[in-house]
Participant: 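I'd like to ask some things about the structure below.
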Protein chains: 2
Amino acid sequence: MIITWKVGGGLKDKLKEYEQRMTEANFKLTSQRRLILRVLLENINEHLSAEEVYQLVRERNPRVGLATVYRTLELFCELGILHELNFDNNCRRYELEQGDYHHHHLICLKCGKIIEFSDYILKDLEGYIDREYNFDVVDHRIKFYGYCSDCRIESKD
Amino acid sequence: MIITWKVGGGLKDKLKEYEQRMTEANFKLTSQRRLILRVLLENINEHLSAEEVYQLVRERNPRVGLATVYRTLELFCELGILHELNFDNNCRRYELEQGDYHHHHLICLKCGKIIEFSDYILKDLEGYIDREYNFDVVDHRIKFYGYCSDCRIESKD
DNA sequence: ATACGTGCAAACTATTTGCAGCGCC
DNA sequence: GGCGCTGCAAATAGTTTGCACGTAT
């Protein structure tokens, strides 16, 4: 499998934007961090784990260490560039912050497929929680479990 | 701290109900499983981790092994007695199935407090997902992140 | 030049597994 | 009495950390 260094037009802008956020926060722009960011951008529709990011990074530069990947992912989370996802597996997955693109996940109990689901309906609910629980909601995550279109017809075991 | 073996009236019934579910599924009702179930019932409002269950179990019977706790929690999940929760920590937490009592969690970003939040509003959303994504929702989990009543006034750092 | 960042290996934490013996049905 | 269950210890998986060296600013 050959992977080029090409990044589509929109991605290049995003790359710059994220890199700017890093320098503004006084973090150094090392080749490792750029590479990890690039891998995340090129797989923006995936929900990669640390190990998966590591593998993709190593295809480009085998000298990068796993610890660096972990440290960088943690840094990106602190900068708000990345979001940590806790599906029910044993590992954390990550997805890039994508501005206004709010979405949640539909998780198939049979094949494990994860489908993104955009919503705006939940804003009402947040107002209700504020009034009822005096809880200031700043973010939410929803996971729906069930059977996707491929699996719902077959037996659910 | 003294912990008695007393279980409130309603809890005794629940204990029986859960134990019945185990025997019906042809699993043996060992003293370890009863004890773990009892601990879960007595802490029904907590979201205990495996390690916490283990500690509570050992106060009653120090001979129970950690592996047994893990195996039993897994068994209870399979039987539908328990639900596994993935908060953003590094460990899984568990809560007893409580029939119709559907609820989700409000997670305070400052103090980590977890508040339960019951909802019926989301049923509408499930119908929408079925129609729009052809996805058969059988369960859902929502997590709202924000600041609880104690923390929202203070600075959010 | 000098903090900050990195690679490596070792440590750590949560969880799982293999196996000999114990105990519920 | 047999097979499932248990305790122990060792194995595993994911992640974190200490340290000497490297490098972006």
Side-chain angles (χ1 to χ4, degrees), chain A residues 15-16 18-39 47-79 81-82 84-94, chain B residues 15-16 18-39 47-79 81-82 84-94:
Chain A
L15 197 59
K16 285 267 184 290
Y18 290 132
E19 288 180 357
Q20 190 183 338
R21 249 200 269 188
M22 283 187 52
T23 48
E24 275 170 8
N26 282 323
F27 289 104
K28 291 186 177 161
L29 213 51
T30 65
S31 64
Q32 292 90 334
R33 286 174 180 173
R34 292 176 112 108
L35 179 49
I36 291 168
L37 198 47
R38 190 179 274 271
V39 160
H47 305 98
L48 299 176
S49 66
E51 185 65 34
E52 284 164 356
V53 171
Y54 178 59
Q55 293 307 331
L56 290 166
V57 162
R58 297 206 81 160
E59 291 177 10
R60 305 263 179 84
N61 180 359
R63 308 204 37 180
V64 176
L66 179 57
T68 298
V69 172
Y70 275 105
R71 282 186 283 227
T72 303
L73 293 176
E74 190 188 1
L75 172 66
F76 288 174
C77 285
E78 281 166 19
L79 291 175
I81 291 175
L82 261 194
E84 198 179 291
L85 304 174
N86 289 79
F87 298 127
D88 288 313
N89 319 327
N90 306 321
C91 72
R92 307 176 195 173
R93 298 193 162 272
Y94 297 87
Chain B
L15 196 59
K16 286 267 184 290
Y18 290 131
E19 288 181 356
Q20 190 182 339
R21 250 199 268 187
M22 283 188 51
T23 48
E24 276 170 7
N26 283 323
F27 290 103
K28 290 187 176 161
L29 212 52
T30 65
S31 65
Q32 292 91 334
R33 288 173 178 172
R34 294 178 110 108
L35 179 49
I36 291 169
L37 198 47
R38 190 179 273 270
V39 161
H47 304 98
L48 300 176
S49 65
E51 185 66 33
E52 284 164 356
V53 171
Y54 177 59
Q55 292 307 332
L56 289 166
V57 162
R58 297 206 82 166
E59 291 177 11
R60 304 264 180 82
N61 180 359
R63 309 205 37 182
V64 176
L66 179 56
T68 298
V69 172
Y70 274 104
R71 282 186 282 229
T72 304
L73 293 177
E74 190 189 359
L75 173 66
F76 288 175
C77 285
E78 281 165 19
L79 290 176
I81 291 175
L82 260 195
E84 198 178 291
L85 303 175
N86 289 78
F87 298 128
D88 289 314
N89 320 326
N90 307 320
C91 71
R92 307 176 194 171
R93 298 191 162 273
Y94 297 86

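In what follows, chains carry the letters A, B, and so on, assigned in the order in which the sequence lines appear, proteins first and then strands, with residues in each chain numbered from 1.
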Participant: Between A:Q55 and A:E59, is any side-chain donor less than 3.5 angstrom from a side-chain acceptor?
Facilitator: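 Result is no, nothing qualifies.
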
Participant: Hey, what do you get for CZ (B:R71) to CG (B:L66), rounding to the nearest 0.5 Å?
Facilitator: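 If I round to the nearest 0.5 Å, the distance is 10.0 Å.
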
Participant: Is there any salt bridge (charged side-chain N to carboxylate O under 4.0 Å, His left out) pair reaching into residues 21-34 of chain B, and which pairs are they, with sequence neighbours excluded?
Facilitator: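 Residue pairs passing salt bridge (charged side-chain N to carboxylate O under 4.0 Å, His left out), neighbours aside: B:E17-B:R21, B:E19-B:R34.
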
Participant: What's A:R63 touching, base or sugar-phosphate or nothing? Going by heavy atoms closer than 4.0 Å.
Facilitator: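 The answer is sugar-phosphate, as A:R63 gets under 4.0 Å only of primed atoms, P, OP1 or OP2.
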
Participant: Please examine the side chains of B:I81 and B:M22, heavy atoms only from C-beta on, and report whether any two atoms are closer than 4.5 Å.
Facilitator: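 Side chain of B:M22 against side chain of B:I81, heavy atoms only: contact under 4.5 Å found.
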
Participant: Identify the heavy atoms of B:A25 and B:L79 that sit nearest to each other, and give their distance.
Facilitator: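 Shortest heavy-atom contact: CB-CD2, 3.6 Å.
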
Participant: Locate the shortest heavy-atom distance separating A:T23 from A:Q20; write the atom from each residue and the value.
Facilitator: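 Closest approach of A:T23 to A:Q20, heavy atoms only: OG1-O, 2.9 Å.
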
Participant: Would you say the side chain of A:F76 lies within less than 4.5 Å of the side chain of A:L37, judging by non-hydrogen atoms?
Facilitator: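 When only atoms from C-beta onward are counted, A:F76 and A:L37 do touch, with a gap below 4.5 Å.
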
Participant: Tabulate atom names and distances for all N/O pairs under 3.5 angstrom spanning the protein and nucleotides 22-25 of chain D.
Facilitator:
{"from": "D:dT25", "atom 1": "OP1", "to": "A:L29", "atom 2": "N", "distance (Å)": "3.3"}

Participant: For DNA chain C, note the earliest and the latest nucleotide, 5' to 3', having some atom under 4.0 Å of a heavy atom belonging to chain B.
Facilitator: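 Boundary nucleotides touching chain B, in 5' to 3' order, are C:dA14 to C:dC25.
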
Participant: Are any non-hydrogen side-chain atoms of A:V69 and A:E51 less than 4.5 angstrom apart?
Facilitator: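 No, their side chains stay 4.5 Å or more apart.
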
Participant: Any idea which heavy atoms bring A:Y54 and A:V64 closest together, and the distance?
Facilitator: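 For A:Y54 and A:V64, the tightest heavy-atom pair comes out as CE1-O, 3.4 Å.
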
Participant: What heavy-atom pair brings B:I36 and B:T68 nearest, and what distance separates the two atoms?
Facilitator: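 B:I36 and B:T68 have their closest heavy atoms at CD1-O, 4.3 Å.
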
Participant: Report yes if the side chains of B:V53 and B:Y94 come closer than 4.5 Å at any heavy-atom pair, otherwise no.
Facilitator: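 When only atoms from C-beta onward are counted, B:Y94 and B:V53 do not touch, as no gap falls below 4.5 Å.
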
Participant: Under the rule for side chain to side chain donor-acceptor pair (under 3.5 Å), what residues qualify as partners of A:E74, not counting sequence neighbours?
Facilitator: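 In terms of side chain to side chain donor-acceptor pair (under 3.5 Å), with neighbours along the sequence ignored, A:E74 is linked to no residue.
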
Participant: Pull out every protein N or O sitting under 3.5 Å from an N or O of nucleotides 13-16 of chain D, one pair per line with the distance.
Facilitator:
{"from": "D:dT15", "atom 1": "OP1", "to": "A:R92", "atom 2": "N", "distance (Å)": "3.2"}
{"from": "D:dT15", "atom 1": "OP2", "to": "A:Y70", "atom 2": "OH", "distance (Å)": "2.5"}
{"from": "D:dT15", "atom 1": "O5'", "to": "A:Y70", "atom 2": "OH", "distance (Å)": "3.3"}

Participant: Just call it for B:R71: base, sugar-phosphate, or nothing, with non-hydrogen atoms closer than 4.0 Å on any strand.
Facilitator: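 Here B:R71 touches the bases of the nucleic acid.
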
Participant: Between the side chain of B:R93 and the main-chain N/O of B:H47, is any donor-acceptor distance below 3.5 Å?
Facilitator: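 Present.
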
Participant: Between the two end axes of the helix from C:dA1-D:dT25 to C:dC25-D:dG1, each built from 5 base pairs, what angle do you get to the nearest 10°?
Facilitator: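 It comes to 40° between the two terminal axes.
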
